[in-house]
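Down below is the structure, laid out as structure tokens.
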There are 2 protein chains.
Amino acid sequence: MLSHKSKYALKALLALSEEYGNGPLLIAEIAARERIPKRFLELILLELKNQGVLRSRKGKGGGYVLNKPPDLLSVGHVLRMLEGPLAPLPCVSKTAYEKCVECHDERTCGIRLLMKEVRDATAAILDSTTFADVINRSRANRRGERALTYSI
Amino acid sequence: MLSHKSKYALKALLALSEEYGNGPLLIAEIAARERIPKRFLELILLELKNQGVLRSRKGKGGGYVLNKPPDLLSVGHVLRMLEGPLAPLPCVSKTAYEKCVECHDERTCGIRLLMKEVRDATAAILDSTTFADVINRSRANRRGERALTYSI
DNA sequence: ATTTACTCTATCGTTTCAATAGACTAAATC
DNA sequence: GATTTAGTCTATTGAAACGATAGAGTAAAT
């Protein structure tokens, strides 16, 4: 399960992606739009800024902006930043590999082979999906729903 | 990431699956074989017993036994028991659905659509894999390794 | 100078994690 | 039926993470 923090982060980044090119967004604006506790969101955006995902400007006309276009920012990248490795076990992580101290033989450990499958499936989805993709799929879905509604 | 508890549980169940049909296994025996802290393993096996996955017998010749054959016990079933839903967000869980309080429109939420994909991929793997499968794949892998070694 | 808005540090109550400990109880065996 | 073997149950513990909340501070426009 994702933490609330990560979920909020994804929603905030999605809002910032939708607004990309239209100048900065206020924390307060994002908090209101996505119904996220404002003070908590501040911390989250600050962390994303320190990690290089966001840029900010203080004072009037300030706010937060994506540091690069939404089609160059993958969900997997952000989640690894906030939650750590996508892998269910450290011994199958590509980005944060660690040996299981109790394991006799990693190469033939059945649990490991299975968890590697899970990791690969998860990473395939999350690393190939950018925030631009998320927006597009959401829009496609909205259109689909409307079409469905009209067709009744 | 799985907790140590879950990892230990899977390894213990794997040991019990390998021994299925050969009478009960002692906690101490499993702990030694899989290098799991014995006292911690007691708690884990007790929980698995209370959940109906294991059966135990006290006294001499006692120990733990799987409650049903390893080809009828899926990894997904066990993990849900110990870790809760496989889904990254409660709003995409099939077994423990919950609405996100802050969400405006669940049907078009892009984050949700993406996480549903992840959930489905994960569940497809873990629900279709039994402990018998894990053993078989591990054995196949061992044979493969040996063959590879010989072929050099 | 003043307002606006982000920045940083600290704190807090709760829960989970990963064990550890000890007393207890059931079941074989001798 | 005493004794050993081995699982059962409750409690505790220390550390860390979770999910905020609070307040003082600082940079940048107007």
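Predicted model only: the values in this text are computed from it and were never measured. Lettering of chains follows the sequences in order, A, B, ..., and the numbering in each one begins at 1.
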inquiry  = I'd like to know whether B/E83 forms a side chain to side chain donor-acceptor pair (under 3.5 Å) with B/S3, so could you lay out the CA-CA distance, the side-chain angles of the two residues, the decisive distance to 0.1 Å, and finally the verdict.
reply    = CA-CA 8 Å; B/E83 297 268 315; B/S3 62; 2.8 Å; yes

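- Contact between the side-chain N/O atoms of B/S3 and the OP1/OP2 oxygens of C/dT16 is not found at any separation under 4.0 Å.
- Formation of a donor-acceptor pair under 3.5 Å by the B/H77 side chain with backbone atoms of B/L72 is not found in this model.
- Distance CG (B/L43) to C1' (C/dA18): 10 Å, rounded to an integer number of Å.
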Protein and nucleotides 2-6 of chain D: nitrogen or oxygen contacts under 3.5 angstrom:
none

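- The side chain of B/Y8 places an N or O atom within less than 4.0 Å of a non-bridging phosphate oxygen (OP1 or OP2) of C/dA19.
- A donor-acceptor distance shorter than 3.5 angstrom exists from the side chain of B/S138 to the backbone of A/T108, with no hydrogens or angles considered.
- For the OP1/OP2 pair of D/dA20 and a distance below 4.0 Å, the side-chain nitrogens and oxygens of A/H4 include at least one atom meeting the criterion.
- Counting only distance, with no hydrogens or angles, the side chain of B/R57 and the backbone of B/P24 share no donor-acceptor pair below 3.5 Å.
- A heavy-atom distance below 4.5 Å is not found between the side chains of B/L25 and B/E18.
- With hydrogens and angles left out, the side chain of A/R39 and the base of D/dG19 share no donor-acceptor pair within 3.5 Å.
- For C/dT7, one of the phosphate oxygens OP1 or OP2 lies less than 4.0 angstrom from a side-chain nitrogen or oxygen of A/K49.
- Among residues at least two apart or in separate chains, salt bridge (Lys or Arg N to Asp or Glu O under 4.0 Å) pairs with a member in residues 2-11 of chain B are A/E102-B/K7, A/E102-B/K11, B/K5-B/E47.
- Taking the nucleotide of DNA chain D with the nearest heavy atom to each of B/K38 and A/K38, the more 5' of the two is matched to B/K38.
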